[in-house]
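Each remark here refers to the structure printed beneath this line.
Proteins come first, then strands; the chains are lettered A, B, ... in the order of their sequence lines, and each starts at number 1.
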Amino acid sequence: MEYRPQEIESRWQKYWEEQGMYSTQEKPGQPKFYVLDMFPYPSGAGLHVGHPLGYIASDIMARYYRHKGFCVLHPMGFDSFGLPAEQYAIQTGRHPSETTRENIERFIRQLKLLGMSYDWDRMVITSDPSYYRWTQWLFIQLFNHWYDRRAQKARPISDLVEIFSRQGNQGYHEQLLTGNVEGLEPIFSASDWTGFSEKTRANILMHYRLAYQSFAYVNWCEALGTVLANDEVKDGVSERGGYPVERRLMRQWFLRITEYADRLHKDLDDVDWSDSMKEMQRHWIGKSEGLLLRFPIQNGPHQEIEVFTTRPDTVFGVTFLTLAPENELWRRITPASHRQNVEEYCASVLHKSERERQADVRHVSGVFTGAYARHPFSGENIPVWVSEYVLGGYGTGAVMGVPAHDSRDFRFARHFNLPVLQVVVPPGQTTGRDLSEAYEEKSGYLVQSGFINGLSVAEAMEAVIQEAEAKGIGRRQVNYRLRDANFSRQRYWGEPFPVVYDSQGIAHTLPPAELPLELPPMEDFRPTGKPESPLAKLKDWVHPAPGITRETDTMPGFAGSSWYFFRYMDPHNPHAFASREALDYWQQVDLYIGGTEHAVGHLLYARFFTKFLYDLGLVPCHEPFRKLLNQGMIQGRSNFVFRLKGENTYVSKNLAPQYDTVRLNVDIRCVKDDILDVEAFRRSVPDAAHAHFILEGDRYVCDWEIEKMSKSKLNVVNPDDVVAQYSADTLRMYEMFLGPIDQSKPWSTSGIEGVFRFLRRVAALTDLVDFQKAAPEDAELRILHKTIKTVTKDLENFSFNTCVSHLMIGQNGFSDLKSIHPDTLAQYVVLLSPFAPHLAEEIWHFLGCEGSVTQASWPLYKEEFTKEASIIYPVSFNGKTRFTLEVAADTQPSELETKALNDPRAQRWLEGRQPKKVIVVPGRIVNIVM
RNA sequence: GCCCGGGUGGUGGAAUGGUAGACACGCAGGACUUAAAAUCCUGUGGCCCACAAGGCUGUACGGGUUCAAGUCCCGUCCCGGGCACCA
């Protein structure tokens, strides 16, 4: 058989589609396997060869598990809401619904071309109302639930209302403290609650809801007339245009993911992810244990400053306290004499953008408030400062300054000439030296520290916490770095919030029957020029009834992508986000494949949504993704030309240093082996049509660099072109053959020929098939069973590149035979089928096998055929291999030892001496120690 | 600065502590061909040796553990990724 990929690939793709080969039917009693690719955003650029890397791997696993008899769910869909889609639409001057539809169609066509075994009937699209109806429903659930810290789970907000009317918020007040309801005592009674106005009650409940409103800064860009996302702001100015960006405080929606911090941290133990991935999440959650300690204000208003520290042992080394500028407490403690100073300082800091504040992290600034606190243990006066190095959003927004043992406090103290008091001495050293830097190690013993003198750091930490708790001035506390998730975007292309405000401004969610709240069509969805969503322009939509106002913000990209994996289980269900039966059957994703760029965003939100639904008893698993496999990136290899500045002349790379040039990306389609095809270049770049070229000899040499594959760098390789030139099966196998799946590597076509040749040789194996042959010969069975064994083992380990090698070794073996029994080739073709499904199917039918190869059983190997009759042992002296010795496989170690020592070749190394020791590792090696 | 990965032929890469370089690309030589392409065969880490036989050397660098180290331990350098005032 000759290998004619164009012909066979379209034939079998059509066949699979007609037969509904990949549509998934839940089969109770059959084991299931759910393999999922990370949700792609359908960009306008289409797929490049980097995208399919993970898709091919997941498709291979999906096919492998089908062969193994599993019921496989392998869906694909599109994360089509969000900022990139909106920007792409604005750029192209077309409506996002239109561009999104086109882009999705292009993606589907490209994926089908690769022979992916997705069940397209289950496709979900986040911008489709039948999908986002359930995103909105989920938001309403979050709004209607609060997190009970005692029970460590979400409960209906109605339970909380009942608790309040029965006993007030006693025991549940801590959650309120973090929110600061204006003019409210932190603890209220049942009678207080019944006395509160409706508005006040709504405000209080807002501090408990898992989806809640609060105030947050947005990046408002006056010049562009829009709010910018954080990644659209660079160095305090807009990335586009470089206009100034100002921070504006706005009421926005948040998700209280922080309540789940501990479970998100702890449950990482239950998933099979790479250590680095888990580490990234753990670090992002940032769990730290320590002490919450109160310092009363001295000679002033009755106030306390609460600080959080992870080093309670250093409490006697405190020489100042520092508040974050965001911490409003300074207003209450700053005496009139210092007021203006502090106010000016805080205003200047708060005016800076997040980026600006981060940009000069090393710069020390601050101001003394004029107030003093009393040290809770020593009773000494401690000055209170305000400084931007203290973060408003972490801990209590206040720290105890221990300059001797914290480098940030040290820098601050040195800058403002505050005393540095050493209280921890490194092991084996004595005190008294002047510190040139903070000693931050947690080893050593305590000095100048009252009741903890002489204790070790660990002992002192514990002692101080216990003492603080005993005296009622502090308590043990766990803090998290994780912040609540901002869920509002002032944009058009996203899910509208199913929320209206009444005349008092109280938020109400829509009744479920009114879902979906469809995104109203808008011709002009460009920015309004005000810090609000374009939806605000639709007056009729915003005011559906007198006194009623709609929320005009839309949801962020992660709203739809945080739960889509459940929808695939039951994608068309009009009554629920997924049926109980479907959820119970599919449980969770068994294998999730995607890039590491989603380490902390998507993966964390998806875990949070899952835990929330789990608390509600709606899903059976508390983790969405059991096994996570990260694929590496395929980078682009860019080429560059050098143009003389101000002239229409291009100079070859090695001559360029002699001129004043600009280095420009050149389309890699005009370049072969770094040599520019000048005519192609003239055709592709209008300006270059009449350009002059300075060559090296007769060639124009380009520079090159490995960069991210992107349209703007002109280095994109389109899979369609590779498929056209070789075949889909070639591309699939080649991407797998490139190296370990998790490694990043630049795209290069050197080597793709080898894979193509391999497939051609596999096709040629059909010429060796002898249909008259009574039974397979030993030689072919040996090749077959070894291949089954190695390919199976490597697939289980996701070692796709070595699978390809083993398939090649198998083919090399078969090609050397005179003839092959059809059964032998049929089994080999099943092994090939996950990688090269089209050719496998073609050969399967050539052999006259039943049905489709995609439904064939995975072959099992017989150990007897994988073992050789004889083993070639390397014989080494002192670890250096000197010769090899072939013996029967069942040779006993003692016999082997004798044979090795008596071998004539051994004499040269033995030189008549007795070996000290002989090591025989059966099946491996003989080592003679002299 | 801190936390993860990773450094193996000309190239991509392979190797449960047990013959380093599987499998491929490239290259060289050969067969077929009028010729080319395609295909097939042979060789291919480096060095010494006319060849062969054989030897030496070799997995970023320096030490160590072991009968045996690419693999384990300690230190150094380089590359990639993540985090970065989180008290």
Side-chain angles (χ1 to χ4, degrees), chain A residues 274-288 290-291 307-311 314 322 324 357-358 360-364 387-391 393-402 405-409 411-412 440 479-483 596-597 599-600 630 632-633 635 706 733-734 737-740 742-746 748-755 757-758 760-761 764 790 793-794 799 801-812 815 872-884 908 915-930:
Chain A
S274 71
D275 289 343
S276 69
M277 213 63 172
K278 290 189 187 186
E279 263 320 298
M280 273 191 240
Q281 289 228 339
R282 286 207 183 93
H283 187 248
W284 193 259
I285 296 164
K287 182 176 181 172
S288 48
L291 171 68
V307 302
F308 174 70
T309 177
T310 55
R311 292 295 303 273
T314 63
T322 317
R357 252 179 102 170
Q358 275 174 18
D360 48 25
V361 150
R362 295 280 130 189
H363 174 246
V364 178
S387 171
E388 62 175 323
Y389 86 88
V390 179
L391 303 174
Y394 182 76
T396 60
V399 300
M400 56 181 218
V402 186
H405 305 292
D406 181 287
S407 56
R408 298 154 302 185
D409 296 339
R411 226 168 43 226
F412 191 76
E440 294 183 297
N479 262 344
Y480 299 92
R481 200 180 83 106
L482 185 69
R483 309 290 170 82
T596 52
E597 65 272 22
V600 287
N630 294 115
M633 246 201 323
Q635 295 135 318
I706 302 300
M733 290 204 97
Y734 179 60
F737 192 52
L738 234 33
D742 55 350
Q743 248 167 56
S744 289
K745 50 231 148 192
S748 139
T749 44
S750 76
I752 196 166
E753 287 284 346
V755 173
R757 277 175 218 159
F758 160 72
R760 201 150 50 190
R761 287 191 280 242
T790 48
K793 184 176 131 264
D794 289 351
S799 177
N801 57 330
T802 53
C803 282
V804 178
S805 297
H806 290 301
L807 288 167
M808 286 173 167
I809 293 169
Q811 171 270 313
N812 282 338
S815 294
I872 299 172
Y873 277 92
V875 178
S876 59
F877 290 79
N878 292 332
K880 278 182 204 259
T881 304
R882 296 304 178 182
F883 60 92
T884 56
R908 178 168 172 189
K916 285 198 188 105
K917 200 170 165 190
V918 179
I919 308 237
V920 177
V921 183
R924 285 288 177 192
I925 201 171
V926 178
N927 190 20
I928 297 162
V929 186
M930 297 304 295

Quiz prompt | Bracket notation of RNA chain B in which parentheses pair within the strand, [ ] cross earlier pairs, and | pairs with another strand (Watson-Crick or G-U, under 3.5 Å) | solution = (((((((..(((.....[....)))((((((.......))))))((((.....))))..(((((..]....))))))))))))....

Quiz item: Which residues satisfy the salt bridge (Lys or Arg N to Asp or Glu O under 4.0 Å) test with Arg282(A), sequence neighbours excluded?
Solution: Asp269(A), Glu279(A)

Quiz item: What residues form a side chain to side chain contact (heavy atoms under 4.5 Å, CB included) with Ser815(A), not counting sequence neighbours?
Solution: Leu765(A), Gln811(A)

Practice problem: Could you tell me which residues satisfy salt bridge (Lys or Arg N to Asp or Glu O under 4.0 Å) with Asp406(A), sequence neighbours excluded, listed by chain and number? | Solution: Arg408(A)

Quiz item: What string of B, S and - do you get for nucleotides 15-30 of chain B 5' to 3' if you count protein non-hydrogen atoms under 4.0 Å?
Solution: -B-BB--BBSSS----

Quiz item: What integer distance in Å separates Gln281(A):CD from C83(B):P?
Solution: 12 Å

Self-check item: Polar side-chain atom of Thr596(A) near backbone of Ala599(A) as donor-acceptor pair, under 3.5 Å
Solution: no

Quiz item: Tell me: CG of Leu807(A) to P of A14(B), nearest whole Å?
Solution: 16 Å

Quiz item: With sequence neighbours excluded, what pairs up with Glu597(A) under the side chain to side chain contact (heavy atoms under 4.5 Å, CB included) test?
Solution: none

Quiz prompt | Sugar-phosphate, base or nothing in reach of Val399(A), heavy atoms under 4.0 Å | solution = base

Quiz item: Between G70(B) and G63(B), how far is it from one P atom to the other, in whole Å?
Solution: 15 Å

Self-check item: Any Gln743(A) side-chain nitrogen or oxygen under 4.0 Å from OP1 or OP2 of G13(B)
Solution: yes

Quiz item: Under 4.0 Å between a side-chain N or O of Arg760(A) and OP1 or OP2 of U39(B)?
Solution: yes

Quiz prompt | Nearest-angstrom distance from the residue atom NE2 of His283(A) to P of G1(B) | solution = 16 Å

Quiz item: Whole Å only: how far is the CZ atom of Arg282(A) from the C1' atom of A84(B)?
Solution: 20 Å

Quiz item: Reckon Ser288(A) touches a base, only the sugar-phosphate, or nothing at all at heavy-atom distances under 4.0 Å?
Solution: sugar-phosphate

Quiz prompt | P gap between A15(B) and G21(B), integer Å | solution = 13 Å

Quiz item: Using a cut-off of 4.0 Å between protein heavy atoms and nucleotide atoms, how would you tag nucleotides 52-59 of chain B 5' to 3' with B, S and -?
Solution: --SSSS--

Quiz item: Which value, in whole Å, describes the distance between the C1' atoms of nucleotides G81(B) and G45(B)?
Solution: 31 Å

Quiz item: Rounded to whole angstrom units, what separation is found between the CD1 atom of Ile285(A) and the P atom of C3(B)?
Solution: 20 Å

Quiz prompt | Ser876(A) side chain to Val926(A) backbone, donor-acceptor under 3.5 Å | solution = yes

Self-check item: Contacts of type salt bridge (Lys or Arg N to Asp or Glu O under 4.0 Å), residue Lys287(A), not counting sequence neighbours
Solution: Asp262(A)

Quiz item: So does Tyr389(A) get a side-chain nitrogen or oxygen closer than 4.0 Å to the phosphate oxygens (OP1/OP2) of A87(B)?
Solution: no

Self-check item: Between U39(B) (C1') and Phe758(A) (CZ): distance, integer Å
Solution: 17 Å

Quiz item: Looking at the angle O4'-C1'-N9-C4 for a purine or O4'-C1'-N1-C2 for a pyrimidine, is G70(B) syn or anti, with syn meaning within 90° of 0?
Solution: anti

Quiz item: Which residues satisfy the side-chain hydrogen bond (donor to acceptor under 3.5 Å, both in side chains) test with Thr884(A), sequence neighbours excluded?
Solution: none

Exercise. Could you check how far CG of Asn630(A) sits from P of G6(B), rounded to whole Å?
Key: 14 Å

Quiz prompt | Nearest-neighbour nucleotide for the Arg411(A) side chain, G13(B), C85(B), C83(B) considered | solution = C85(B)

Quiz prompt | Separation of the P atoms in G54(B) and G43(B), to the nearest angstrom | solution = 16 Å

Quiz item: Partners of Ile285(A) by side chain to side chain contact (heavy atoms under 4.5 Å, CB included), sequence neighbours excluded?
Solution: Ala261(A), Leu264(A), His265(A), Tyr480(A), Leu604(A)

Practice problem: Search all heavy atoms of Asn479(A) against all heavy atoms of Gly395(A) and return the closest pair with its distance. | Solution: ND2-CA, 3.4 Å

Quiz item: Who are the salt bridge (Lys or Arg N to Asp or Glu O under 4.0 Å) partners of Arg311(A), not counting sequence neighbours?
Solution: Asp313(A)

Self-check item: For Phe412(A), ring pair (Phe, Tyr, Trp, His ring centres under 6.0 Å) partners two or more places apart
Solution: Phe320(A), Trp385(A), Tyr389(A), Phe416(A)

Quiz item: Has the side chain of Lys745(A) got a donor or acceptor atom that lies under 3.5 Å from a matching backbone atom of Pro740(A)?
Solution: yes

Practice problem: Quickly work out the Arg311(A) CZ to A87(B) P distance and round it to whole Å. | Solution: 12 Å

